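First the structure, in the form of structure tokens, and then the observations on it.
The shown structure was predicted, so the numbers you read here are calculated from the model rather than taken from an experiment.
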Amino acid sequence: MTIEVGSQAPDFQLKDNHGRTVRLSEFRGEKNVVLVFYPFAFTGVCTGELCALRDELPRFENEGTQLLAVSNDSIHTLRVFAEQEGLEYPLLSDFWPHGETSRAYGVFDEDKGCAVRGTFVIDMEGVVRWSVVNGLPDARDLNDYVKALEAL
């Protein structure tokens with residue numbers, strides 16, 4: 001079941017595409033977080049969505065907001081993907097234990113073995129203020145993220 005708006009966002013500790021540990025709780029009291037789950041690196045819709053975020057990065061990663069993108073790929077895959085696509089925001093690996101963070105947010109597809117397209121806007125207190133979950137083939141609209149951030 002997907003985490004509901006108004007509930008505390010589950011904390012996590014994941015490695016990014018450079019091998020650094022990132023904890024959601026690091027941002028508490030400091031920044032809002034846009035947490036984007038996506039199925040797999042190097043796939044058409046995922047690449048399109050993540051490149052759109054790259055192209056609008058100042059709206060999603062600035063002094064008041066941190067963008068974090070999570071997939072079930074390994075950190076090595078994410079490193080190559082980020083380099084190839086010029087992605088400068090953290091790509092987090094939910095590879096092992098496989099899908100643990102995706103499951104905590106209710107966006108892991110057990111049959112496919114990957115996260116579906118879930119996005120969560122988390123305020124500075126760690127509370128989920130907005131979310132959207134789309135199926136694997138359905139891209140999300142970045143303008144919805146912007147509106148959710150503006151409402152904080």
Side-chain angles (χ1 to χ4, degrees), residues 2-3 9-124 126 128-146 148-149:
T2 305
I3 292 297
D11 197 14
F12 57 78
Q13 176 177 311
L14 296 171
K15 297 279 186 189
D16 73 4
N17 48 305
H18 298 290
R20 297 177 293 228
T21 300
V22 176
R23 292 175 188 82
L24 179 63
S25 57
E26 292 174 355
F27 303 103
R28 194 159 296 144
E30 302 290 325
K31 291 186 175 194
N32 300 306
V33 174
V34 176
L35 182 62
V36 177
F37 289 89
Y38 63 100
F40 293 113
F42 298 106
T43 58
V45 176
C46 294
T47 300
E49 285 188 316
L50 295 176
C51 288
L53 286 166
R54 174 200 65 206
D55 296 345
E56 298 290 331
L57 194 58
R59 297 172 102 179
F60 303 106
E61 191 168 280
N62 51 56
E63 65 182 45
T65 305
Q66 177 65 50
L67 173 63
L68 300 173
V70 180
S71 80
N72 303 116
D73 295 299
S74 72
I75 62 170
H76 311 291
T77 299
L78 295 177
R79 182 175 306 123
V80 173
F81 182 55
E83 288 171 4
Q84 179 177 306
E85 300 300 334
L87 305 176
E88 296 181 10
Y89 51 89
L91 301 183
L92 306 181
S93 174
D94 191 18
F95 183 72
W96 198 257
H98 190 70
E100 182 176 68
T101 300
S102 305
R103 281 184 184 90
Y105 281 80
V107 295
F108 190 78
D109 184 322
E110 296 291 341
D111 293 332
K112 304 278 191 225
C114 65
V116 295
R117 297 179 196 288
T119 304
F120 301 87
V121 173
I122 302 165
D123 71 13
M124 290 185 194
V128 176
R129 294 297 176 193
W130 180 87
S131 71
V132 65
V133 178
N134 290 4
L136 294 178
D138 302 321
R140 294 160 281 197
D141 185 344
L142 297 186
N143 292 319
D144 292 342
Y145 306 0
V146 173
L149 284 169

Just verifying a value: how many Å separate [X] [atom1] and [Y] [atom2], rounded to the nearest 0.5 Å?
X: Phe27; Y: Leu35; atom1: CZ; atom2: CG; answer: 10.5 Å
X: His98; Y: Ser93; atom1: NE2; atom2: OG; answer: 9.5 Å
X: Gln66; Y: Met124; atom1: CD; atom2: CE; answer: 12.0 Å
X: Leu92; Y: Leu68; atom1: CG; atom2: CG; answer: 5.0 Å
X: Cys114; Y: Phe37; atom1: SG; atom2: CZ; answer: 12.5 Å
X: Thr47; Y: Arg54; atom1: OG1; atom2: CZ; answer: 10.0 Å

Check: [Y] and [X] side chains under 4.5 Å, non-hydrogen atoms:
X: Leu14; Y: Thr101; value: yes
X: Thr119; Y: Tyr145; value: yes
X: Ile122; Y: Arg129; value: no
X: Val132; Y: Phe120; value: no
X: Cys46; Y: Arg117; value: yes
X: Asp16; Y: Leu91; value: no
X: Pro90; Y: Glu61; value: yes
X: Leu142; Y: Phe60; value: yes

Checklist entry - Of all residues at least two apart in sequence or in a different chain, which pass the ring-ring contact (aromatic ring centres under 6.0 Å, His included) check with Phe12? => result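 So Phe12 forms no ring-ring contact (aromatic ring centres under 6.0 Å, His included) with any residue.
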Closest approach of [X] and [Y], non-hydrogen atoms and distance?
X: Pro10; Y: Ala104; value: CG-O, 3.7 Å
X: His18; Y: Arg20; value: CD2-NH2, 3.0 Å
X: Val45; Y: Pro137; value: CG2-O, 4.0 Å
X: Leu78; Y: Ser71; value: CD2-OG, 3.5 Å
X: Thr77; Y: Ala41; value: CG2-CB, 4.2 Å
X: Ala9; Y: Leu24; value: CB-CD2, 3.8 Å

Do side-chain atoms of [X] reach the backbone of [Y] as a donor and acceptor pair under 3.5 angstrom?
X: Asp73; Y: Phe40; answer: no
X: Asp94; Y: Asn72; answer: no
X: Asp109; Y: Val116; answer: no
X: Arg79; Y: Asn17; answer: yes
X: Asn32; Y: Leu149; answer: no

Checklist entry - With a 4.0 Å cut-off, would you call Glu56 and Arg59 a salt bridge? => result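 A salt bridge links Glu56 with Arg59.
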Next on the checklist: I'd like to know if Arg103 pairs up with Glu110 as an ion pair, taking the criterion as any Lys NZ or Arg NE/NH1/NH2 lying under 4.0 Å from an Asp or Glu carboxylate oxygen.
Outcome noted: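 Salt bridge flag = yes for Glu110 with Arg103.
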Checklist entry - Step by step, would you call Phe95 with Ile75 a side-chain contact (heavy atoms from CB on, under 4.5 Å)? => result CA-CA 8 Å; Phe95 183 72; Ile75 62 170; over 6 Å; no
Next on the checklist: Could you go through Leu67 and Leu53, starting from their C-alpha distance and side-chain angles, then the distance that decides it, and tell me whether this counts as side-chain contact (heavy atoms from CB on, under 4.5 Å)?
Outcome noted: CA-CA 9 Å; Leu67 173 63; Leu53 286 166; 4.1 Å; yes
Checklist entry - Will you find, in the side chains of Tyr105 and Thr2, an N or O donor that is under 3.5 Å from an N or O acceptor? => result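 There is no such pair between these side chains.
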Next on the checklist: I need the full list of salt bridge (charged side-chain N to carboxylate O under 4.0 Å, His left out) pairs touching residues 135-145, with sequence neighbours left out, sorted by first then second residue.
Outcome noted: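 Checked against salt bridge (charged side-chain N to carboxylate O under 4.0 Å, His left out) - neighbours excluded - the pairs reaching residues 135-145 are Glu49-Arg140.
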Next on the checklist: With a sphere of 6.0 Å drawn around CD of Glu88, does it hold more than 12 non-hydrogen atoms of other residues, nucleotides or ligands?
Outcome noted: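 Check fails, neighbour count at 12 or below.
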Checklist entry - For Lys112 and Leu136, what are the C-alpha separation, side-chain angles and deciding distance, and is it a side-chain contact (heavy atoms from CB on, under 4.5 Å)? => result CA-CA 10 Å; Lys112 304 278 191 225; Leu136 294 178; 3.7 Å; yes
Next on the checklist: Using the rule given for side-chain contact (heavy atoms from CB on, under 4.5 Å), can you reason through Ser131 versus Val121, listing the C-alpha separation, both sets of side-chain angles and the distance that settles it, and then say yes or no?
Outcome noted: CA-CA 6 Å; Ser131 71; Val121 173; over 6 Å; no
Next on the checklist: Once salt bridge (Lys or Arg N to Asp or Glu O under 4.0 Å) is applied, do any residues pair with Asp55, and if so which ones, sequence neighbours excluded?
Outcome noted: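 Listed in chain order: nothing, the list is empty.
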